[in-house]
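Reading through the structure tokens given below for one structure.
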Protein chains: 2
Amino acid sequence: MAGTESGRRHTRDDVARAALRILDDDGLPELTMRRLAAALDLQPSALYWHFPNKQSLLADLADRIVAQPAPPRTGRDASHTHGAAAALRDALLAYRDGAEVVSSTLALGLGSTTAHDRLTAAIVADGYDADLAARAATVLLHFVIGHVSHEQQRMQYDSLGVVVPAAGLSPQNGGDTADEFAFGVELFVGGLERLRRAPSNLPGGTASPLAE
Amino acid sequence: MAGTESGRRHTRDDVARAALRILDDDGLPELTMRRLAAALDLQPSALYWHFPNKQSLLADLADRIVAQPAPPRTGRDASHTHGAAAALRDALLAYRDGAEVVSSTLALGLGSTTAHDRLTAAIVADGYDADLAARAATVLLHFVIGHVSHEQQRMQYDSLGVVVPAAGLSPQNGGDTADEFAFGVELFVGGLERLRRAPSNLPGGTASPLAE
DNA sequence: ACCTGAACACCGTTCAAGT
DNA sequence: ACCTGAACACCGTTCAAGT
């Protein structure tokens, strides 16, 4: 009874929170302007007083999902980078289709730079210079979003009892998705560490000195 | 005059090719079933004889984009992995919004496993066992798709003359996108090489033996 | 400042029926 | 085997007008 709708007129924050609720309850495809308006007892056109269009609403949701305070992580993380990557994954997993919302917002060049900034800061805290960290953070961010997006798609297939025949990207060897995530982050951190000893070997020279 | 429409009735291949043409000419948002039908001089409902729904059509397009024969790459690649990653990037770049089509198809668990298979084979060819390679290929695939997707979004912004204020994922330091891509692949390969010497250090032990 | 009412210009998809 | 015609059940967005 004492829900999100109580007084009379709504604020931009109300709209965003109602949208987050629909997202989490029923998923991104169900989050239409018309359904959101109905949840707020509003005409669809009223939403356009609060947000210029649907994409900017989604960008706002993406910011909220990413900005979410990180729950205290169990155990010491192996590095700041590991911790920041895991915290970002947790944030994306906290809302249904969270990764997709953030991904599509990023793909349109919208949304804040919070996620990228935090990963960059963590890499810097692990001892790399700001320039390198910023570029590496972009790489890590692509992996994290891609991974969690795939993870969440799998969750909703599982909840529907769908048997996926031989999907190319599913964990192949009985490892669960958290293990696969840790593996990806470890690969990334390993690559960073290798750069620490041999700072420039991109063009020219043998790129794989350890091979054979 | 002698275009895609000549005889009378169309095949599934005709439909897919007409769709690829709309995609490449006008982008993914313009690729609607109604516009596609019009391009083929068909009623929209006719498309549903060839494809059960729009998503399976998009999955077919994704397969075609990825399966595309790789143009001969200039210069020797530093490794099979570098070559396969670059070839995949080229394939995605060959069609407007190519990365987004593949990404959304993957996100729905549709499409073939060609991209993943090829990356896996390349990693195996570089001397890693099949198990590790398959998991690593997933990581690399996430990066490649995320990177190219962002790259293509940027291309269409540039072509519109849009000035993006301070986007968090744009190349920050004057490096072009191809350099950023090479950097990401190098990071990935570096991480793999580190695993070659220390095959298991994920849980337990110091994860960053080189730090400090 | 915040919302209604009504409309515009679209979508994907189904299905009986035609050839 | 391949397509038409007509409909269903939706979308996001605009805009004048109300309070």
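We use all heavy atoms of the structure for the numbers below, so side chains are in, but hydrogens, waters and symmetry mates are not. In the text below, chain A, chain B and the rest are named by the order of the sequence lines, each starting its count at 1.
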Paired and unpaired positions of DNA chain C as dot-bracket, Watson-Crick or G-U wobble under 3.5 Å, | denoting a partner strand: ||.|||||...|||||.||
Do A:Ser149 and A:Glu100 have side-chain atoms, one donor and one acceptor, less than 3.5 Å apart? no
Considering just the side-chain nitrogens and oxygens of B:His10, establish if one lies under 4.0 Å of OP1 or OP2 belonging to D:dC3. yes
What about B:Phe181 and B:Phe143, are their ring centers closer than 6.0 Å? yes
Checking B:Tyr48 now: which residues fulfil side-chain contact (heavy atoms from CB on, under 4.5 Å) with it, not counting sequence neighbours? B:Met33
What distance, rounded to whole Å, do you find between the two P atoms, one in D:dA9 and one in C:dA9? 23 Å
Which is it for A:Phe51 and A:Leu58 under the side chain to side chain contact (heavy atoms under 4.5 Å, CB included) test, yes or no, and what are the steps along the way? CA-CA 10 Å; A:Phe51 293 92; A:Leu58 289 177; over 6 Å; no
Summary of protein contacts for nucleotides 11-19 of chain D, nucleotide by nucleotide, where a base hit scores B, a sugar-phosphate-only hit scores S (4.0 Å, heavy atoms): BBBBB--BB
With A:Thr11 via side-chain contact (heavy atoms from CB on, under 4.5 Å) - residues at least two apart: A:Asp13, A:Asp14
Qualifying residues under side-chain contact (heavy atoms from CB on, under 4.5 Å), relative to A:Leu108, sequence neighbours excluded: A:Gln55, A:Leu110
Could you work out the separation of D:dA17 and C:dC2 based on their P atoms and round it to a whole Å? 22 Å
Within less than 4.0 Å of OP1 or OP2 of C:dC2, is there a side-chain N or O belonging to A:His50? no
Are a donor atom and an acceptor atom from the side chains of A:His82 and A:Ser79 found within less than 3.5 Å of each other? yes
OP1 or OP2 of D:dG5 less than 4.0 angstrom from a side-chain nitrogen or oxygen of B:Gln43, does that happen here? yes
Only counting residues at least two apart or in another chain, list the ones meeting side-chain contact (heavy atoms from CB on, under 4.5 Å) with B:Asp25. B:Arg21
